[in-house]
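Data block below; observations after.
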Number of protein chains: 2
Amino acid sequence: MTKQRALLLSIFRSELCKGQHRTADELLALARERMPGISRATVYNNLRSMEEEGLIRRITADGGADFYDSSFVLHGHLICTVCRRISDVEVPTLLDDLKKLSGVDVDSYELKLRYVCDECKAENRAV
Amino acid sequence: MTKQRALLLSIFRSELCKGQHRTADELLALARERMPGISRATVYNNLRSMEEEGLIRRITADGGADFYDSSFVLHGHLICTVCRRISDVEVPTLLDDLKKLSGVDVDSYELKLRYVCDECKAENRAV
DNA sequence: TGTTTTTTTGGACTCAATCTAAATTTATTA
DNA sequence: TAATAAATTTAGATTGAGTCCAAAAAAACA
């Protein structure tokens, strides 16, 4: 356990990441506020190992940077196709449902739901 | 409608892509077999416009190149976490189920199911 | 404490994808 | 059909996220 890794873990546990979806770049910036010299490679190294250990989840979006998510509960993501904002959606029975429906012993899933959020609908923004 | 675009469409409609998931690079190589001078940028241009028109779907995998899929039926993807191979899985009621479960008017979904395929299980390969 | 192992670091590098601006092709209209 | 306008193709440059590398530093171990 290094100082750098401890810092990243504390950032994930803090309000800065509660219910948020951060990119590696954002996390690097947050880390540098408290440890200015921390290297980009270190952030990537730790994000990878933390993902492998199951501490965080990586969300590969459609182009652009990946997001990281500290929630432990398996859940899907609602993505507004207009403003690109992401929010969580929990579907408690989904993993079991998917195992039954697919007939495969699924380990985990990644689910993105595309929709137009209420704000964008209200403002009638184009897709 | 240009020759290049017609070629790409015919490749997608052919056996070369039936039930397959091709990367832009693979599609470029297939296109160059019949039109050696075709440019990489043209392939990307057309893939993008065809995706916007809903003719094909783009699958952003976890790192590495995106895949393209010519199937019109909304479906999920089974991804083996060992050998990385992708196959399709159809869950006919899923869109409706997700609308109900999430309480949101979902337009479409992207679903990736992680598992270990039979072959990799049989050969006991590590994750 | 001394030794071994792991991690960090910064910069180089990779790779997919996009951008650019000129040339070409296709579509339009007269 | 010719003239013009609009869209597409092209090669190469560029971007940007992420990885790799080898040396330095830090952590773990005995």
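Every value quoted in this text rests on a predicted model; they were computed, and no experiment measured them. All heavy atoms count here, side chains included; hydrogens, waters and symmetry mates do not. Here is how names work: the chains are called A, B, and so on, in the same order as the sequence lines, proteins then strands, and each is numbered from 1.
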Among the nucleotides [options], which one has an atom lying closest to any side-chain atom of [X]?
X: A:Thr42; options: D:dT19, C:dT8, C:dT18; answer: C:dT8
X: A:Ser39; options: C:dG10, D:dT9, D:dA17; answer: C:dG10
X: A:Arg5; options: C:dT8, D:dT9, C:dA17; answer: C:dT8
X: A:Ile38; options: D:dT10, C:dA17, C:dT9; answer: C:dT9
X: B:Ala24; options: D:dG18, C:dA17, C:dG10; answer: C:dA17
X: B:Ala65; options: C:dA17, C:dC19, C:dG10; answer: C:dA17

How long is the line joining [atom1] of [X] and [atom2] of [N], in whole Å?
X: B:Glu52; N: D:dA7; atom1: CD; atom2: C1'; answer: 15 Å
X: B:Leu28; N: C:dA16; atom1: CG; atom2: C1'; answer: 12 Å
X: A:Leu47; N: D:dC20; atom1: CG; atom2: C1'; answer: 17 Å
X: A:Leu27; N: D:dG18; atom1: CG; atom2: C1'; answer: 14 Å
X: B:Leu7; N: C:dT25; atom1: CG; atom2: P; answer: 16 Å
X: A:Leu8; N: C:dT8; atom1: CG; atom2: P; answer: 9 Å
X: B:Asn45; N: C:dT26; atom1: CG; atom2: C1'; answer: 16 Å
X: B:Lys3; N: C:dT26; atom1: NZ; atom2: C1'; answer: 10 Å

Worksheet item: Under 3.5 Å, side chain of A:Arg58 to main-chain N/O of A:Leu47, donor-acceptor pair present?
Response: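 Side chain of A:Arg58 to backbone of A:Leu47: no pair is present.
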
Practice prompt. Nearest 0.5 Å please: distance from the NE2 atom of A:His21 over to the CD1 atom of A:Ile59.
Written response: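 If we round to the nearest 0.5 Å, A:His21:NE2 and A:Ile59:CD1 are 4.5 Å apart.
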
Does [N] have OP1 or OP2 under 4.0 Å away from a side-chain N or O of [X]?
X: B:Thr2; N: D:dT9; answer: yes
X: A:Asn46; N: C:dT8; answer: yes
X: A:Gln4; N: D:dA26; answer: no

Worksheet item: Counting only heavy atoms not in B:Asp96, do more than 12 sit closer than 6.0 Å to its CG atom?
Response: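 More than 12 heavy atoms, drawn from other residues, nucleotides or ligands, come within 6.0 Å of this atom.
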
Discussion item. By nearest heavy atom, map B:Gly64 and A:Arg40 onto DNA chain C; which one lands nearer the 5' end?
Written reply: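 Checking each residue's closest nucleotide, the 5'-ward one belongs to A:Arg40.
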
Fill in: Any B:Glu33 side-chain heavy atom under 4.5 Å of B:Leu30 side chain
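A side-chain contact under 4.5 Å exists here.
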
Worksheet item: Between A:Tyr44 and B:Met1, who's closer to the 5' end of DNA chain D by nearest nucleotide?
Response: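 So the residue in question is B:Met1.
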
Worksheet item: Regarding B:Arg34 and B:Ser10, is there a side-chain donor-to-acceptor distance under 3.5 Å anywhere?
Response: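 Per modelled atom types, B:Arg34 and B:Ser10 side chains form a pair under 3.5 Å.
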
Practice prompt. Could you check whether A:Asp25 gets within reach of a base, just the sugar-phosphate, or nothing at all, counting any heavy atom under 4.0 Å?
Written response: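 A:Asp25: no heavy atom of the nucleic acid under 4.0 Å.
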
